[in-house]
Amino acid sequence: MSADQKAFGEPIAIVGYAISPMSAFSEDTEVRLCLDVVTRALAASGLGRKEIEFTCSGSADYLSGGTFTFVANLDAVGAWPPIRESHVEMDGAWALHEAWVRLLIGEERTALVFGSGKSSTGDLSRVLALQTDPYYLAPLGADPLSLAALQARALLDSGRATERDLAAVAARARRAAVTSPHALPALAAAAADASGTGGTGGTGGTDGGDDLGDQIDALLTADYVRSPLRAHDTPPVTDGACALVLATATVARRLAEEKGITPVWITGLEHFVEPHQPGTRDLTDSVSARRAAQAAGLAGGAPVEVAELSALYSHEEIILREALGLPDGCEINPSGGPLAANPTMATGLVRVAEAARAIQERGVSRALAHATSGPCLQQNLVCLLDRQPLGKEAHTSQGSSQEGGAR
Amino acid sequence: MSSGARSGPRIVTNTVEFPYRRSLGPVIGTFVAALARGQILGVRSGERVLCPPLEYDPDTGAATSGEFVAVGPVGTVRSWTWVGEPSDRHPLDRPFAFALIQLDGAGTSLLHAVDAGGEGAMRTGLRVVPRFRAEPKGHTGDLAYFVPEGAETTDAGVVDGAALSPVAGGEPGVVLEPVETMEFWSSLTYREALSAASERYARSLLAGRLLGQRCPTCGKVYVPPRDFCAIDGIPLGEGDDLALPDRGVITNFTIVTPVKYPGQKETEPFVRVSVLLDAPDGQLSESGSALMGLQPVVDVTNEEVRVGMRVEAVWLPEAERNTDELGNRGWGSTSGALTGWRPTGEQDLSVERYIDRVF
């Protein structure tokens, strides 16, 4: 697009998304998982492949062990003739951040974002240990489960949570998994058997109910896998992918009018990172999550009704809830969250898609999506989604006059 | 692995190994050097001492002082977890605790292992002392693990720090020659299902046939089948498969001069060629022909290989064909089915006919 058509700072909307079926061991290749979600997200947006002006993906070659797997994944988008494209060796939520910044700059008006991972292929405990500091941590085989357990113990020792609180998080995730279309099927089935409901409930969000209390009691009888964590406090190995389509306000409104698409507006998107060494920070708090939420504008605007958190372990939900200062009535992880399906490198982007789904399908006005990276919630991203484009004015410093009438 | 009755997909495994040699730098290098003397060093950064010592302060990003301080040897467990079934990457082969240990005199905690005997012996606040490798190797592993204070050591490979030769007094300002590098052997094993398309390709190779797949939209022919078109971004299926001629033309080549690295089996320079296959109807065509990359050659010297040379596949005898090594990656591999491609002796094809198909 030519310089005079630049739309610097136009609000950005999600106009389409797709989440793959979640699987403990996918027999399909990663490219085919990507192809499925890219095709469906584009169809949902009403845009064709050739109308996409920027593409960004998130994945990690270490997961599949294939050299340049992320380049092979581009086969899912039809990258010929050549396209503008980028990749982050991070969760797809960070690919979303890059695409969002690109659209704010105004050179491009549409973007495709996807994240994918087949963590069943390798051994996550070894792969992720190799992503820790190579001097002090990796030589110890510092696996993610052990690091998470150290954080959980620190939280319990602080007196701000109990093992029962952890189990309550897990029980609600399991309850939500029963009806979630994106939970690991085996886990959802086991949860349905355990609850005896076979498909009622599924919204979670409250601590009450004798039934839930019984389930918590049952969960607490399990052995530790890494004390104080039990298997239900830890995420299942999952293969999956997720794709989103973004558009600037001009395009999003056209799609709404012509194709009946309901845009979901990104009204804040920020990420912060903390020191890597777990022994140098307060593990019971998430300073970076709090800062990201503040920077994204969580305090301004209406209360968040739904929060989709990348809480991979039960205790992380408790730390994040506190750090983000979510309102009491806020429903957390109605999708079941990462305890129901954790497609590494797509988990955060799935949270964004699930939050958008809550707005599109359930009439929610405002939702929050969270993504994380690194051991013990080292890096955190917060994305605020709204039914209306009431974002921070800082992002609409130019072109805001044309926005006024549309609200 | 078996290629017989299908009760689910064939599983292929693949191990990727890499021997890292890491530069330690002045701070970590000094920490490692002190371990050989039975000492744990921190580094001063502002008002506090960081242990493990870091080059930059994690809170401010400022360079740390370079002033090393002996910490411990006693430390306090700030958090811990129990590893009941250690893996071969862990520092102990018996159940142990991972713990965050704040050494006396340090303001931060170090992650390490505690050989506590049993989970019941662990608690937050436990006082622990280090055990060092009796024969140091110049590696962070020279700090072997910690034990509860007062515990007896039965492991012959480790010693109390006092048994080594600490710098006198462990005083501030100790100057040690930093250890320069540390080795780390990385090994990851991957396990995945052979895709349906790769399985059809493997069966075809065993039968002595090259199998490709044609996109009905753009006409591009892929070999082996992938079950999608990378140009149009659409799924393809078995119905799009087609048998391809095992003859073609060399459109590109490279001569690889092997260098020594772990796993390298080649010793002499060898050639790898790109072969543009004849079209299914027998004619060469830029869009309707398939290209196979990185193919070996036979019956021809490296020096004789040239762009435009007509070649044909040389198949292994049927009984010797084996596609067990075939995976979902390395697209176009004919290993285990072909010995390579040999010149047919026909007249070369001029490059203008396939200039866009060198890859």
Side-chain angles (χ1 to χ4, degrees), chain A residues 25-29 31-32 35-36 38-39 49 62 64-67 69 72 74-80 118 120-123 125-127 129-130 134-143 146-147 149-154 157 224-229 274-281 283, chain B residues 8-9 14 16 20 22 24 28 50-52 54 58-59 78-84 86-91 98-102 108-113 119 122 124 139-141 182 184 186-193 195-198 226-235 328-329:
Chain A
F25 183 79
S26 173
E27 294 180 8
D28 236 336
T29 58
V31 189
R32 296 257 304 176
L35 179 62
D36 165 52
V38 165
T39 303
R49 277 171 203 278
Y62 261 116
S64 63
T67 320
T69 299
L74 269 182
D75 283 350
V77 306
W80 185 264
K118 286 182 65 179
S120 71
T121 309
D123 177 348
S125 68
R126 295 173 80 109
V127 170
L130 286 177
Y135 307 104
Y136 295 126
L137 299 179
L140 292 171
D143 57 279
S146 294
L147 290 166
L150 291 170
Q151 185 172 35
R153 172 94 56 199
D157 285 347
Y224 296 125
V225 289
R226 286 281 194 285
S227 65
L229 296 178
E274 295 177 56
H276 179 68
Q277 296 292 336
T280 61
R281 53 193 172 100
L283 294 179
Chain B
N14 175 24
V16 180
Y20 290 97
R22 301 192 185 282
L24 297 181
I28 298 168
L50 306 177
C51 182
L54 302 170
D59 288 351
R78 296 301 181 197
S79 187
W80 61 276
T81 183
W82 190 251
V83 182
S87 81
D88 62 353
R89 304 307 294 190
H90 286 141
F98 263 130
L100 287 169
I101 299 162
Q102 187 174 7
T108 58
S109 295
L110 169 82
L111 179 79
H112 224 284
E119 186 167 7
M122 287 302 300
T124 303
H139 189 282
T140 48
M182 178 171 103
F184 180 79
S186 167
S187 175
L188 295 169
T189 295
Y190 295 93
R191 182 179 169 279
E192 65 181 327
S195 72
S198 298
R226 308 172 177 194
D227 281 353
F228 60 84
C229 174
I231 304 295
D232 298 294
I234 56 170
N328 293 326
R329 35 194 134 220

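Here is the naming used below: chain letters follow the sequence lines, and residue numbers restart at 1 for every chain.
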Give, as side chain, backbone, both or neither, the part of C229(B) having an atom under 4.5 angstrom from any heavy atom of chain A.
-> backbone

Give, as side chain, backbone, both or neither, the part of T29(A) having an atom under 4.5 angstrom from any heavy atom of chain B.
-> side chain

Can you find a side-chain donor-acceptor pair between D157(A) and T124(B) that sits under 3.5 Å?
-> yes

Which portion of R126(A) sits near chain B, non-hydrogen atoms under 4.5 angstrom = both

Side chain, backbone, both or neither: which part of E27(A) has a non-hydrogen atom closer than 4.5 Å to chain B?
-> both

What part of L74(A) is in contact with chain B, defined as an atom under 4.5 angstrom from a non-hydrogen atom: side chain, backbone, both or neither?
-> neither

Is it the side chain or the backbone of L147(A) that comes within 4.5 Å of chain B heavy atoms, both, or neither?
-> side chain

Closest heavy-atom pair, S146(A) versus V83(B), reported as atoms and distance to 0.1 Å, is OG-CG2, 3.9 Å

Which answer fits S87(B), side chain, backbone, both or neither, if we ask what part of it has an atom under 4.5 Å from a heavy atom of chain A?
-> neither

Shortest non-hydrogen pair, A149(A) vs T81(B), comes out as CB-OG1, 3.2 Å

Whatever's closer than 4.5 Å to a heavy atom in chain B on L130(A) counts as side chain

Is chain B contacted by the side chain of R32(A), its backbone, both, or neither, given a heavy-atom distance below 4.5 Å?
-> side chain

Output for pair (I231(B) CD1, R49(A) CZ), nearest 0.5 Å, gives 11.5 Å

Checking T39(A) against chain B: side chain, backbone, both or neither under 4.5 Å from a heavy atom?
-> side chain

For H90(B), ring pair (Phe, Tyr, Trp, His ring centres under 6.0 Å) partners two or more places apart = F96(B), F98(B)

Flag the pair Y136(A) / L111(B) as yes when at least one side-chain heavy-atom distance between them is below 4.5 Å, and no otherwise.
-> no

In terms of heavy-atom proximity below 4.5 Å to chain B, should A79(A) be classed as side chain, backbone, both, or neither?
-> backbone

Between the side chains of S227(A) and E119(B), is a donor N or O closer than 3.5 angstrom to an acceptor N or O?
-> yes

What part of I234(B) is in contact with chain A, defined as an atom under 4.5 angstrom from a non-hydrogen atom: side chain, backbone, both or neither?
-> backbone

Y224(A), part contacting chain B, at a heavy-atom distance under 4.5 Å | side chain

Any side-chain heavy atom of T280(A) within less than 4.5 Å of one from L50(B)?
-> no

Under 4.5 Å, counting heavy-atom pairs only, tell me which of H276(A), R226(A), K118(A) racks up the most with chain B.
-> R226(A)

S79(B) side chain vs L150(A) backbone, donor-acceptor pair below 3.5 Å | yes

